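Per chain, numbering begins at 1; letters A, B, ... match sequence-line order. Values in this document were obtained by computation on a predicted structure and should not be read as measured data.
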Amino acid sequence: MNSCWKPTIGSRNSSTESQRQRRTSVHLIGGRLFLWNGAAGTARSRPVRRFRSPDLFPSTPIDRMSTSPADLSEQEQRRREERTELEDRGVDPYPYAWEVDARAEEILDTFDDEKHQPADGEAGSYEVSIAGRIVGLRVMGGSAFFDLRDESGTIQVYVRSQDLGEEFYEEVFTELFDIGDVVGIEGFAFRTGMGEVTVRAADDFQLLAKSLRPPPPVKEETEDGDVVERHYEVTDKEFRYRQRYVDLFVNPDTRDIFRRRATLLSTMRDFLDDRGYLEVETPVLQPVYGGASARPFKTHHNALDMPLYLRIADELYLKRLLVGGLEGVYEIGKDFRNEGLSRFHNPEFTMMECYVAYKDYRWMMDTTEDLLRTVTTALHDEPTLTFEGHEIDMGGSWTRVPFFDAIEDATGFDLYQEDADRVHDVAANELGLAEDVDSDMDLGELLDEVFSETVEPTLIQPTFVTDYPVELSPLAKKHREKDGLVERFELVVAGREIANAFSELNDPQDQRERFEQQARQRAAEVDADVDPADLIDEDYLRALEYGMPPAAGLGIGIDRLTMLLTGQDSIRDVILFPLLRPEQS
RNA sequence: GACCUCGUAGCUCAGCUUGGCAGAGCAACGGACUUUUAAUCCGUGAGUCGCAGGUUCGAAUCCUGCCGGGGUCACCA
């Protein structure tokens, strides 16, 4: 999981010495709390943290940066008072480090009753030093249990007045610690009478970060027997997106989604690296945007005094690299499209694009099968997944169906080589799409609409839809056999478009004509003042004129793939910090 | 941008139809409790009923407008 972190049970690092000394001092001085965390001399003399001068940020009123007591809830005020009280007692509420040598999940997995369970009244042999956040505190007189949550999971901690000194226990722990505080524990693992593996804070118990803001209370009543229990869980979607940091420590499922997203990415990288493709990084800031038909974000470079656009696709720069003689390249990065928000669209999203010289789209279909089967297996241990109740089999080779055949199969109408008027007529009058089409849509838009409405939702098992109309694909190479089509495929799974690929157009003359066509449309649609010539990427055409080898290219939307592989129905659930409307106070 | 829907304690919500003292559970706070499991038991505090205006003797409740959240559509290769 986290390769940086290696548990070292049984051979504990000698750098825990400072912790041992502090712990010794607890026993030596009994209840002398001001020495309890070894920070007595420094806590008071620590410089008081101050807010920056308001002059530095004249537009930000100081009273919005500090928080006046009147704005705070009772609970927030109390926690601030506790923090002050801790400092007065010489307890640093924000100390510097803690030597961790075990994690919750690992202790729960490796605890062995025969080897580790201590005899009554004795110390256990499974010694650990752990850290995490307190959730679910249960105090019972002179002892207490709480749940400690670290990145791996949650483990119960047992605290006794006898172990830690009465004064610490009574006056610091039970009075000044809260749910939400981050703490460090040194002690040993044991199994309680109720059967739960628990760490007893026998040796040390320190505050590592005082929480001034209560975590959301989420113990919801389960009304009847079949309701799933959700005790420490926040279900309010907006809250989860806006305060993802809380979502992550409260909802283990959320962390799991992002772990799986990371596994997906690393598996994909390994797959591409193993085949010898070079991972590259191309510009996000571009003087001319292209590679897709979306509207861009516009920005400005001050020193050069020039407009720049955030890229809407990586494609045109990656193909320049093929001209440069790199024979297999890929990039995983953010694209930006200035469009609306929905559960399928976030304005910035992650795209993997891969280009391989001397290959065509047929080869790319095979490779896509391999890639996605590998990724699916990495996440599910087998090449199958369940999405919205559908069992989806990513194994074997997948159905390949030409675009117009798919439409004909779904609607009974063969629209190949029909003109826009005819397609509009069929869509509006025969297919019940009158509300989705209108008469000034061009042929490409009409066909796309028909396909999206009638075919896409029906394709549940992985399906390559091939041979798109040229109007929809200005960067794809003309079909070697079929007039008016290009060698392109989209992969549809569970009714969603997962991948897009083509035999890459490398004829500079053909490319120029298609750019000109596209530029005229775009200038007319987006902004009448724009000169179509400014929308053409002349440098890309110059590159093609030097000669780009035949190549296959593939694009996969990582966010949507993650949705599919983690069973999420909103893109916001697979993006850590999705764009939201600004928060209103 | 259009339509639907919601806004009451820190959180989840009831109360609104039929106007009459602002409610519950959880959380918080005080107390009891040294192997608990959403700990339990006793007690306490907590509200600009989103905002503004109107109707009324009286508005959380009825009316109008606005603000904010969510959803659907539109835009979107």
Side-chain angles (χ1 to χ4, degrees), chain A residues 72-79 81-82 120-121 135-147 154 156-164 166 169-170 174-175 178-180 190-198 200 213-223 229-239 241-242 290-295 312-313 315 335 337-347 349 435-436 438 444-445 447-449 451-452 456 465 468-469 471-476 486 488 490 497 499-502 518 525-526 555 557 570 572 580-585:
Chain A
L72 295 173
S73 71
E74 202 179 298
Q75 294 177 42
E76 290 168 316
Q77 286 180 46
R78 182 182 54 74
R79 283 169 184 251
E81 287 161 14
E82 286 171 355
D120 267 359
V135 295
L137 181 60
R138 300 177 288 282
V139 178
M140 296 156 299
S143 76
F145 288 89
F146 60 84
D147 301 312
T154 307
Q156 181 168 261
V157 173
Y158 178 47
V159 181
R160 281 163 51 107
S161 172
Q162 276 168 357
D163 290 342
L164 297 164
E166 197 173 313
Y169 183 89
E170 297 280 340
T174 60
E175 293 298 315
D178 289 295
I179 286 179
F190 73 108
R191 190 182 293 279
T192 66
M194 300 295 287
E196 179 161 352
V197 174
T198 297
R200 178 163 150 190
R213 196 178 276 271
V218 284
K219 295 186 204 170
E220 289 195 6
E221 200 80 24
T222 50
E223 299 206 350
E229 288 196 356
R230 40 193 173 94
H231 302 144
Y232 301 108
E233 202 180 326
V234 178
T235 52
D236 181 89
K237 288 266 188 179
E238 191 200 352
F239 181 93
Y241 301 146
R242 287 197 191 281
S293 78
R295 279 180 288 177
I312 58 174
E315 176 155 359
D335 289 342
R337 297 187 182 175
N338 206 339
E339 310 287 359
L341 304 162
S342 78
R343 67 196 182 96
F344 301 110
H345 300 87
N346 195 59
F349 60 99
E435 290 185 5
D436 300 302
D438 63 64
E445 291 171 322
L447 289 169
D448 192 41
E449 191 62 36
F451 180 81
S452 305
E456 217 164 56
V465 179
Y468 279 65
E471 291 82 358
L472 285 171
S473 316
L475 296 162
V486 292
R488 170 181 176 185
E490 285 196 4
E497 178 193 314
N500 184 25
F502 15 95
Q518 189 188 24
E525 286 166 11
V526 176
S570 171
R572 292 175 174 179
L580 301 173
R581 191 179 307 249
E583 206 167 354
Q584 303 293 319
S585 52

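- The side chain of A/H345 lies closest to B/C76, out of B/U35, B/G45, B/C76.
- A distance of about 30 Å separates the C1' atoms of B/U61 and B/A28, rounded to the whole Å.
- Candidate nucleotides B/G71, B/U36, B/G10 were compared by shortest atom distance to the side chain of A/M140, and B/U36 ranks first.
- The base of B/U36 lies outside donor-acceptor range of the side chain of A/S143, with no N or O pair under 3.5 Å.
- Both A/R191 and A/V139 lie near RNA chain B, and the one whose nearest nucleotide falls closer to the 5' end is A/R191.
- At the heavy-atom level, A/E497 lies under 4.0 Å from the strands shown only through sugar-phosphate atoms.
- Nearest nucleotide to the side chain of A/R78, out of B/G10, B/C29, B/C75: B/C29.
- Going from the P atom of B/C42 to that of B/C6 covers 37 Å, rounded to whole Å.
- Ring geometry, A/Y158 versus A/F145: the interplanar angle falls under 30°, so the pair is classed parallel (tilted spans 30 to 60°).
- Between the side chain of A/R337 and the main chain of A/I312, a donor-acceptor pair closer than 3.5 Å is present.
- Distance from the side chain of A/E74 is smallest for B/A46 among the nucleotides B/U37, B/A46, B/C76.
- In RNA chain B, runs of at least 3 consecutive Watson-Crick or G-U pairs, each pair with both distances below 3.5 Å, span B:1-7 with B:67-73, B:10-13 with B:23-26, B:28-32 with B:40-44, B:50-54 with B:62-66.
- A distance of about 12 Å separates the P atoms of B/G25 and B/G43, rounded to the whole Å.
- Listed by chain and number, the residues in a salt bridge (charged side-chain N to carboxylate O under 4.0 Å, His left out) with A/E81 amount to none (sequence neighbours excluded).
- You'll find a donor-acceptor pair under 3.5 Å spanning the side chain of A/Q156 and the base of B/U36, going by distance alone.
- Comparing B/U37, B/U35, B/G10 by their nearest atom to the side chain of A/Y158 picks out B/U35.
- Residues passing the salt bridge (charged side-chain N to carboxylate O under 4.0 Å, His left out) test with A/D178 are A/R78, A/K210, sequence neighbours excluded.
- Taking the P atoms as reference points, B/C13 lies 25 Å from B/U18, given to the whole Å.
- Per the geometry, CZ belonging to A/F190 stands 10 Å off P belonging to B/U36, to the nearest Å.
- As rounded to the nearest Å, B/G58 and B/C33 have C1' atoms that lie 50 Å from one another.
- Side chain of A/R572, nearest nucleotide from B/G71, B/A28, B/U35: B/G71.
- With rounding to whole Å, A/F146 atom CZ is found 15 Å from B/U35 atom C1'.
- In this structure, A/E449 atom CD and B/A74 atom C1' are separated by 11 Å, rounded to whole Å.
- Under the rule for a salt bridge (charged side-chain N to carboxylate O under 4.0 Å, His left out), the partners of A/R200 that lie at least two apart in sequence or sit in another chain are A/D163.
- Ranking B/U37, B/G30, B/U36 by closeness to the A/E175 side chain, first place goes to B/G30.
- B/G15 and B/A60 are spaced 8 Å apart, taking the C1' atom of each and rounding to whole Å.
- Counting heavy atoms of neighbouring residues, nucleotides and ligands inside a 6.0 Å radius, atom CZ of A/R343 exceeds 12 of them.
- If you check every strand for non-hydrogen atoms under 4.0 Å, A/E471 touches nothing.
- Using a 4.0 Å heavy-atom distance criterion, A/Y468 is classed as making no nucleic acid contact.
- Side-chain proximity of A/S161 to the nucleotides B/U34, B/G69, B/U37 is greatest for B/U34.
- The CG atom of A/N500 sits 17 Å away from the P atom of B/C76 (whole-angstrom rounding).
- Atom name P, nucleotides B/A9 and B/G47: the rounded distance is 10 Å, in whole Å.
- In this structure, A/R572 has no side chain to side chain donor-acceptor pair (under 3.5 Å) partners at least two apart in sequence or on a different chain.
- Across B/C76, B/A28, B/U36, the shortest atom-to-atom separation from the side chain of A/M194 is found for B/U36.
- A/R191 is linked by a salt bridge (charged side-chain N to carboxylate O under 4.0 Å, His left out) to A/D113, counting only residues two or more places apart in sequence or in another chain.
- Atom CZ of A/R343 is separated from atom P of B/C76 by 19 Å (rounded to the nearest Å).
- When rounded to the nearest whole Å, the span between CZ of A/F145 and C1' of B/A39 equals 10 Å.
- Set against B/C29, B/U36, B/U35, the side chain of A/R138 has B/U36 as its closest nucleotide.
- Among all heavy-atom pairs drawn from A/A144 and A/V139, the shortest one is CB-CA, 3.8 Å.
- Nucleotides B/U56 and B/U72 place their P atoms 43 Å apart, quoted to the nearest Å.
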